[in-house]
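Working notes, beginning with the structure itself.
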Amino acid sequence: ADAVGEVFDAGVGGLDPAQAEVRQARQTSELADVTTAISELRAVRRGLPPAHARDADVLNLLAEMLSQQAMLTGSAGTLADAADAAIAAATAASQPGALGAAAGRLVSLFGLMLHQNQPAGPFQQAEEVLSAALAAADPGDWALRVTLMVGIGAARSMRAAVTADEALRQ
């Protein structure tokens, strides 16, 4: 099974078209394909029952596609939407793999925001969510803990860059 197919339950509606569109968008990197994948993933997400086990996986894919769309268009709003989706994925994650993917996505998004000189984003919210996840993480899962700590550091650094709060700079 491919990486996209592994995250979905067979009984969740709309997954086949979403999987096909994500694969297509990854292969072509064409804006139209990415936009279609985003639409399909949003439809799948709307159809998921509250607290569904695969919510974080769908959100991680949505964050990935929004990130790709932001890179293709240069849209600061889409980049912020991608960060929001990654934060939601981290919040919804019940498995270390989904949490690590969300944290890693946030780190890359913050780097892209820095590169595009985008001073606004959900940096404090990301720091809070990742800090809570770090507090709850298995002490033996060093790979997850390192990813979370890098994400916290990136969020704090981005906050420090856009605020006058000197305490964040220390």
Rounded distance [0.5 Å steps], [atom1] in [X] versus [atom2] in [Y]:
{"X": "Leu134", "Y": "Met149", "atom1": "CG", "atom2": "CE", "value": "6.0 Å"}
{"X": "Ser157", "Y": "Ile152", "atom1": "OG", "atom2": "CD1", "value": "11.5 Å"}
{"X": "Glu127", "Y": "Leu106", "atom1": "CD", "atom2": "CG", "value": "12.0 Å"}
{"X": "Met158", "Y": "Arg156", "atom1": "CE", "atom2": "CZ", "value": "14.5 Å"}
{"X": "Glu21", "Y": "Thr36", "atom1": "CD", "atom2": "OG1", "value": "5.0 Å"}
{"X": "Thr35", "Y": "Leu66", "atom1": "OG1", "atom2": "CG", "value": "9.5 Å"}

Which residue pairs pass the salt bridge (charged side-chain N to carboxylate O under 4.0 Å, His left out) test with at least one member in residues 41-50, sequence neighbours excluded?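 Found Arg45-Asp55.
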Which residue pairs satisfy the salt bridge (charged side-chain N to carboxylate O under 4.0 Å, His left out) criterion with at least one member in residues 97-111, sequence neighbours excluded?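 For residues 97-111, and leaving out neighbouring residues, there are no salt bridge (charged side-chain N to carboxylate O under 4.0 Å, His left out) pairs at all.
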With [X] via side chain to side chain contact (heavy atoms under 4.5 Å, CB included) - residues at least two apart:
{"X": "Ser29", "result": "Gln68"}
{"X": "Ala56", "result": "Ala92, Ala93, Ala98"}
{"X": "Ala133", "result": "Leu99, Leu148"}

List the atom pairs, with distances to 0.1 Å, where a side-chain N or O of residues 78-91 and a protein N or O form a donor-acceptor pair under 3.5 Å, not counting sequence neighbours.
| unit_1 | atom_1 | unit_2 | atom_2 | d |
| --- | --- | --- | --- | --- |
| Thr78 | OG1 | Ser75 | OG | 3.0 |
| Thr91 | OG1 | Ile87 | O | 2.9 |

Minimal non-hydrogen separation, [X] against [Y], with atom names:
{"X": "Ala137", "Y": "Arg145", "answer": "O-NH1, 3.4 Å"}
{"X": "Ala25", "Y": "Met65", "answer": "CB-SD, 3.6 Å"}
{"X": "Glu30", "Y": "Leu72", "answer": "C-CD1, 4.2 Å"}
{"X": "Arg159", "Y": "Phe123", "answer": "CG-CB, 3.2 Å"}
{"X": "Pro96", "Y": "Asp141", "answer": "CB-OD2, 3.7 Å"}
{"X": "Ala103", "Y": "Leu130", "answer": "CB-CD2, 4.0 Å"}

Got Leu41 and Val22 here, is their nearest side-chain heavy-atom distance under 4.5 Å?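 Answer yes - side chains close enough.
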May I have the step-by-step check of side-chain contact (heavy atoms from CB on, under 4.5 Å) for Arg26 and Glu64, ending in yes or no? CA-CA 10 Å; Arg26 285 177 174 165; Glu64 175 190 348; 2.8 Å; yes
